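Quantities reported herein were computed from a predicted structural model and do not represent experimental measurements. We count ligands from 1, going down the list as the structure has it; atoms in each ligand are counted the same way.
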Amino acid sequence: MLNSFFPPKCVFCGEPVQSNDFKVCGNCAEKLPYNSNKCKICAMPIDTVYGEKICVGCRKRKPPYSLAFVPFKYSGEVRRAIIRYKFYGKISYAKTFAALLLIEIKKSNVSFDEITFVPIHFLKYGMRGYNQSELIAKYLSEMMSIPCKKLLKKTKLTKALSKLPKHMRFKTVAGAFSPKNEEYIKNKKILLIDDIITTGATSRECAKVLKKAGAAEIYLGAIARTE
Ligand SMILES: [Zn+2]
Ligand SMILES: [Zn+2]
């Protein structure tokens with residue numbers, strides 16, 4: 001009934017689509033900037049066609065997580081949709097983003113005990129009204145029948161990392177997160193959800209904190225990654 005008044009629209013281009021659970025039109029499904037050539041560990045888009053597909057960053061410093069699932073490059077319609085989702089209240093995109101991420105995760109045989117998400121500071125939460133990574137994590141939790149738990153809290157209000165020079169980003173997030181509900185962290189295989197990965201500073205820090213609190217293994221999931 002509702003659909004006839006508010007027909008679902010593609011989250012990327014706004015064209016009408018059939019389903020409210022997976023709002024991607026046929027045209028976008030074909031043309032979106034898929035992250036197909038990427039680092040085997042952190043999913044950073046790379047162009048090398050030979051050798052082991054491991055990026056320079058991962059070679060220099062192995063990430064504290066085992067593997068990252070990132071279906072898209074942060075560009076074009078994907079970038080614009082994420083901006084609308086994150087800053088302009090388009091929370092109805094969350095389920096579609098979760099479904100797209102699930103397709104990527106299912107390409108591997110990895111299993112998890114729990115799902116968690118990168119937290120935002122409570123002041124930011126108060127201003128925005130939602131945590132964009134948490135919404136995706138909750139839908140994924142439903143789709144995969146794996147519990148979603150808040151396992152981290154953001155204790156430091158940090159500046160938007162995108163506005164900082166690269167060398168400052170790792171320093172800025174150091175000590176910005178602490179573990180929560182530690183009984184659910186110990187010896188668990190945890191899927192950590194973020195929205196986009198830019199420098200990787202935030203996800204590395206979150207994974208590090210979870211590892212330190214006793215997690216057996218961390219996997220990372222995000223919608224897109226910058227090149
Ligand atoms: Zn579309
Ligand atoms: Zn890498």
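Centred on the Zn ion (ligand 2), the angle running from C58 (SG) to C42 (SG) is recorded as 100°, rounding to 10°. Expressed to the nearest 10°, the angle at the Zn ion (ligand 1) joining SG in C13 with SG in C25 is 100°. With the Zn ion (ligand 2) as the vertex, SG of C39 and SG of C55 span 120° to the nearest 10°.
Between E104 and R225, none of the side-chain N atoms (NZ, or NE/NH1/NH2) sits under 4.0 Å from a carboxylate O, so this pair counts as no salt bridge.
Counting heavy-atom neighbours within 6.0 Å of K156 NZ, excluding the residue itself, gives a total above 12.
Within the 3.5 Å criterion, the main-chain N or O of Q132 finds a donor-acceptor partner in the side chain of Y85. In this structure, the side chain of S66 does not engage the main chain of Y219 through any donor-acceptor pair within 3.5 Å.
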